J.: 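Got a structure for you, questions after.
Keep in mind that what you see is a predicted model, and the values were worked out from it rather than measured. Throughout, protein chains are lettered first and strands after them, A, B, ... in sequence-line order, and every chain is numbered starting at 1. Computed from heavy atoms alone, side chains included, the values below leave out hydrogens, waters and symmetry copies.
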Number of protein chains: 2
Amino acid sequence: MENSRTSPTAHELRVWRDFLETGDRLRSLLGARLQAESGLSTGDYAVLLALSEAPGRRLRSSSLADVIDWERSRLSHHLGRMESRGLVAREASAADSRGAEVVLTPLGASQFRRASASHLRAVQELFVEAFASDGTGGSLREVELVTRSLRLHLADG
Amino acid sequence: MENSRTSPTAHELRVWRDFLETGDRLRSLLGARLQAESGLSTGDYAVLLALSEAPGRRLRSSSLADVIDWERSRLSHHLGRMESRGLVAREASAADSRGAEVVLTPLGASQFRRASASHLRAVQELFVEAFASDGTGGSLREVELVTRSLRLHLADG
DNA sequence: ATCTCCTAGTTGACATGTCAATCATATGAG
DNA sequence: CTCATATGATTGACATGTCAACTAGGAGAT
């Protein structure tokens, strides 16, 4: 079998563009709903989610950056904005006086809880239910397979 | 069958998060490559692609916005930046003097051709080849099914 | 201690995205 | 024709993201 072409075929390219556009559309719908129903951006949500799952609802700034896979400067800017809205607070680290600990404030926690309920509903409606129908389209199992192939492929290359 | 839950199960949520993260990762890798190999952002690429596929390599500004699904103000800002780099030009429309036509410049066309070759290679390597392997993971056919389910689901809801 | 190098985090400049307001030009009702 | 309104596009203010430079504090060698 001679394969390993250097460019996609027209069909592969169409699949790619559809995949890309559909993903964009899904993100944008979910983001808009989140914003409308809770006043939080998807960035805010990612930060609050990571903090709310962390022991003590606090994380070192760089661990937080690792967890949500953001550049540190991006996180720093974003935390500044969130801090000014009272969603998180920054405290000096006891262990390493260079470090900062990011703490979820009560306000942040309560906003996150409200947002979370509505966001999970939206994920259910817009994502999960897309695969719940009859047998004509893809199933959640197929989403898993596709995602896994991609994830593994990107891990090394 | 009682279904129609209001929130995803833990498993569905994991599938969703993986799907989201993997998509982000793929976009970010492709974008970084494009930038490194051609000096164009993915936004630049979308604009140049739409123009290069248009008859006469020109489009009314609002048609262009429709084609690439951008807000008009976003497009306007972006065209300003691209114009100052000499990639596109804006001309008054003959038919409607409110309108502007966006034209691909020779420089824009040549940059796009160079970028396109390398970008297609990247799509092949990072996306298509993820599904070319043995039978353990997802195939391109499954990507199509999954995408189609999502696209149809998002179209009405 | 002091030197060098490493790590944590912030900052500033600038690119990009969104939203609401604006401007100029159509377009249709009278 | 003239007015009210709709449309095409730009603008300005501001949120967000990236990159490179910077500050400050550890950690190891001598």
Side-chain angles (χ1 to χ4, degrees), chain A residues 24-25 27-36 38-48 58-103, chain B residues 24-25 27-36 38-48 50-51 58-103:
Chain A
D24 279 344
R25 187 155 170 60
R27 279 156 222 273
S28 126
L29 287 173
L30 279 170
R33 258 208 216 190
L34 184 64
Q35 183 75 60
S38 71
L40 298 178
S41 70
T42 59
D44 299 332
Y45 191 82
V47 168
L48 295 178
R58 67 173 52 228
L59 278 174
R60 281 294 288 272
S61 183
S62 49
S63 316
L64 177 52
D66 284 348
V67 170
I68 62 182
D69 197 30
W70 281 14
E71 301 208 354
R72 280 194 319 210
S73 87
R74 175 182 179 185
L75 181 59
S76 193
H77 284 302
H78 204 95
L79 287 178
R81 293 185 295 258
M82 292 181 73
E83 192 169 27
S84 78
R85 291 193 284 149
L87 300 174
V88 299
R90 280 186 277 202
E91 302 174 357
S93 164
D96 181 338
S97 39
R98 287 168 305 184
E101 301 221 324
V102 187
V103 195
Chain B
D24 279 344
R25 187 155 170 62
R27 278 155 221 271
S28 127
L29 288 172
L30 278 169
R33 259 211 217 190
L34 184 63
Q35 183 74 59
S38 72
L40 298 178
S41 70
T42 59
D44 299 334
Y45 191 82
V47 168
L48 296 177
L51 285 179
R58 66 171 54 226
L59 278 174
R60 282 291 290 271
S61 184
S62 48
S63 317
L64 176 51
D66 285 347
V67 170
I68 62 183
D69 195 31
W70 281 15
E71 301 207 354
R72 282 197 316 214
S73 88
R74 174 182 179 186
L75 180 58
S76 193
H77 284 302
H78 204 94
L79 288 178
R81 293 185 294 258
M82 291 181 74
E83 192 169 27
S84 78
R85 290 193 285 151
L87 300 174
V88 300
R90 278 186 281 202
E91 302 174 357
S93 163
D96 181 337
S97 39
R98 286 169 305 187
E101 301 221 323
V102 188
V103 195

J.: With a 4.0 Å heavy-atom cut-off, tell me which residues in residues 58-65 of chain A come close to DNA chain D, sorted by residue number.
T.: none
J.: How many angstroms lie between CG in L79(A) and CG in D44(A), if you round to the nearest 0.5 Å?
T.: 10.0 Å
J.: Rounded to the nearest 0.5 Å, what separates atom CG in L40(B) from atom CG in L48(B)?
T.: 6.0 Å
J.: Taking atom types as they are modelled, is there a donor-acceptor pair under 3.5 Å from the base of dG12(D) to the side chain of H77(B)?
T.: yes
J.: Once you round to the nearest 0.5 Å, how far does CD of E83(A) lie from OG of S76(A)?
T.: 10.0 Å
J.: To the closest 0.5 Å, what do you measure between CG (L34(B)) and OG1 (T42(B))?
T.: 7.0 Å
J.: Nearest heavy atom decides the nucleotide; on that basis, is R81(A) or D96(A) closer to the 5' end of DNA chain D?
T.: R81(A)
J.: Does CG in D69(B) sit with more than 12 non-hydrogen atoms of other residues, nucleotides or ligands closer than 6.0 Å?
T.: no
J.: What N/O pairs connect the protein and nucleotides 1-7 of chain D at under 3.5 Å? Give each pair on its own line.
T.:
{"unit_1": "dT7(D)", "atom_1": "O2", "unit_2": "R98(B)", "atom_2": "NH1", "d": "2.8"}

J.: Report the residue (H78(B) or E101(A)) whose heavy-atom-nearest nucleotide on DNA chain C is the more 5′ of the two.
T.: E101(A)
J.: Using Watson-Crick and G-U wobble pairs whose two distances are both under 3.5 Å, how do you write the pairing of DNA chain C as dot-bracket, with | for links to another strand?
T.: ||||||||||||||||||||||||||||||
J.: Check whether any side-chain heavy atom of M82(A) sits under 4.5 Å from a side-chain heavy atom of V102(A), and report yes or no.
T.: no
J.: Which listed nucleotide (dG9(C), dA20(D), dG17(C)) is nearest to the side chain of S73(A)?
T.: dA20(D)
J.: Judged by each residue's nearest nucleotide on DNA chain D, which is more toward the 5′ side, R90(B) or T42(A)?
T.: R90(B)
